[in-house]
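Here the structure is a predicted model, which means the values were calculated and not measured.
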Amino acid sequence: MTIRVIIVDDQAMVRAGFAALLSAQADIDVVGEAPDGRRGVQVARTTHPDVVLMDVRMPEMDGLTAAREILDPPPGVVHRPKVLMLTTFDIDDYVYEALRAGASGFLLKDAPPADLIAAVRVVASGEALLAPSVTRRLIADFVQQRPAPRKDPALRLNGLTPRETEVLELIARGLSNQEIAGHLVLAEQTVKTHIGRVLGKLDLRDRAQAVIFAYEAGLVRPGDAG
């Protein structure tokens with residue numbers, strides 16, 4: 001299956017470079033691009049991409065606002081693509097808020113080309129791009145700056161079984177499905193089932209939101225991940 005991608009960035013050379021790189025892949029098709037967040041939302045609504053590469057800082061409408069509009073569309077709009085944030089900075093509060101809004105992860109603009117290609121494929125498959133240690137550090141740093149964990153997330157943990165709580169904790173520590181399976185001595189498919197139940201019970205979109213939820217609920221503390 002071909003992955004449909006749009007690129008939203010205010011720098012024409014960045015858009016052209018990313019488009020050339022991704023279009024060269026047999027399984028990726030760049031179906032549109034936009035120079036700002038407002039146009040990006042419009043292009044996403046008309047082209048129905050699988051993945052939106054979204055720059056964080058742009059004129060007209062920044063990437064965070066655009067990501068929120070794409071991920072929480074008005075009534076009647078049923079298509080919701082995955083959003084992968086692009087940033088020049090490895091620590092950026094806009095990225096943190098975008099993850100909370102439902103973005104599937106973020107990537108530094110100067111990442112190696114192979115990382116960009118892999119990131120698009122990972123996000124399109126439904127996984128969150130949380131493997132890079134910089135992503136875990138970003139989340140940990142910003143949660144650490146926040147007040148004590150809010151009561152609401154902590155209370156919502158009560159709806160999980162002990163095993164589901166354990167799986168959520170391991171997700172927040174940055175473990176992959178395979179690593180969680182090995183740690184808990186479970187089949188990988190069983191781990192996927194547990195993760196699906198965790199996301200469903202907590203009304204979370206993906207692993208990125210699960211990580212942030214675990215921090216805000218106090219299940220893990222900054223510095224635990226890794």
task = Provide the closest heavy-atom pair for Ala210 versus Leu204 in the form atom of the first, atom of the second, distance.
result = CA-CD1, 3.7 Å
ask   = Where do Pro81 and Pro49 come nearest, in terms of heavy atoms and distance?
value = CB-O, 3.1 Å
Main-chain N/O of Val43 paired with Thr47 side-chain donor or acceptor, under 3.5 Å = yes
ask   = What distance separates Asp9 CG from Phe18 CZ, expressed to the nearest 0.5 Å?
value = 7.0 Å
task = Output all residues satisfying side chain to side chain donor-acceptor pair (under 3.5 Å) with Arg163, sequence neighbours left out; order by chain, then residue number.
result = Glu166
key: Close side-chain approach of Phe213 to Leu157, heavy-atom, < 4.5 Å   = yes
task = State, with a plain yes or no, whether a side-chain heavy atom of Ile3 is found less than 4.5 Å away from one of Val51.
result = yes
ask   = Checking Gln25 side chain against Leu21 main chain: does a donor-acceptor pair fall under 3.5 Å?
value = yes
message = Can you tell me how far apart CG (Leu64) and CG (Asp55) are? Round to the nearest 0.5 Å.
response = 12.0 Å
note = Here the pair of heavy atoms bringing Glu33 nearest to Ala19 is OE1-CB, 4.5 Å
Polar side-chain atom of Ser23 near backbone of Ala20 as donor-acceptor pair, under 3.5 Å = no
remark   = One should read off an interatomic distance between Asp29 CG and Leu22 CG, to the nearest 0.5 angstrom, of 10.5 Å
query = Nearest heavy-atom pair of Lys82 and Ser104: which atoms, and what distance?
reply = CD-OG, 3.7 Å
ask   = In Å and rounded to the nearest 0.5 Å, what is the CD1 to CD1 distance from Ile180 to Ile171?
value = 5.0 Å
message = Are more than 12 heavy atoms, taken from residues, nucleotides or ligands other than Arg39, located less than 6.0 Å from that residue's CZ atom?
response = no
message = Working note: Leu160 + Leu168, criterion side-chain contact (heavy atoms from CB on, under 4.5 Å); need CA distance, chi angles, decisive distance, verdict.
response = CA-CA 9 Å; Leu160 301 182; Leu168 175 58; 4.0 Å; yes
query = With a 4.5 Å limit on heavy-atom distance, are the side chains of Gln11 and Pro35 in contact?
reply = no
key: Test log, rule side-chain contact (heavy atoms from CB on, under 4.5 Å), inputs Ile28 and Thr2   = CA-CA 5 Å; Ile28 299 176; Thr2 302; 5.8 Å; no
ask   = Are the charged groups of Glu164 and Lys201 less than 4.0 angstrom apart, N to O?
value = yes
request  = Keeping to residues at least two apart or across chains, list the ring pair (Phe, Tyr, Trp, His ring centres under 6.0 Å) pairs with something in residues 176-202.
outcome  = none
query = Do Leu86 and Val56 come within less than 4.5 Å of each other through their side chains, counting heavy atoms only?
reply = no
remark   = When every non-hydrogen atom of Gly40 is compared with those of Val8, the smallest separation belongs to CA-CG2, 3.8 Å
request  = Could you walk me through whether Val83 and Leu53 pass side-chain contact (heavy atoms from CB on, under 4.5 Å), step by step?
outcome  = CA-CA 6 Å; Val83 175; Leu53 293 179; over 6 Å; no
ask   = Any side-chain heavy atom of Pro74 sitting closer than 4.5 Å to one from Arg45?
value = yes
query = Got a second to check how far Glu169's CD is from Leu175's CG, nearest 0.5 Å?
reply = 10.0 Å
request  = May I have the step-by-step check of side-chain contact (heavy atoms from CB on, under 4.5 Å) for Leu84 and Met54, ending in yes or no?
outcome  = CA-CA 6 Å; Leu84 179 62; Met54 179 76 73; over 6 Å; no
ask   = Roughly how far, to the nearest 0.5 Å, is CZ of Arg197 from CD1 of Ile195?
value = 12.0 Å
Shortest non-hydrogen contact between His48 and Arg4, atoms and distance = O-NE, 3.4 Å
request  = Flag the pair Met61 / Glu69 as yes when at least one side-chain heavy-atom distance between them is below 4.5 Å, and no otherwise.
outcome  = yes
key: Electrostatic pair Asp62:Arg57 at N-O distance under 4.0 angstrom   = no
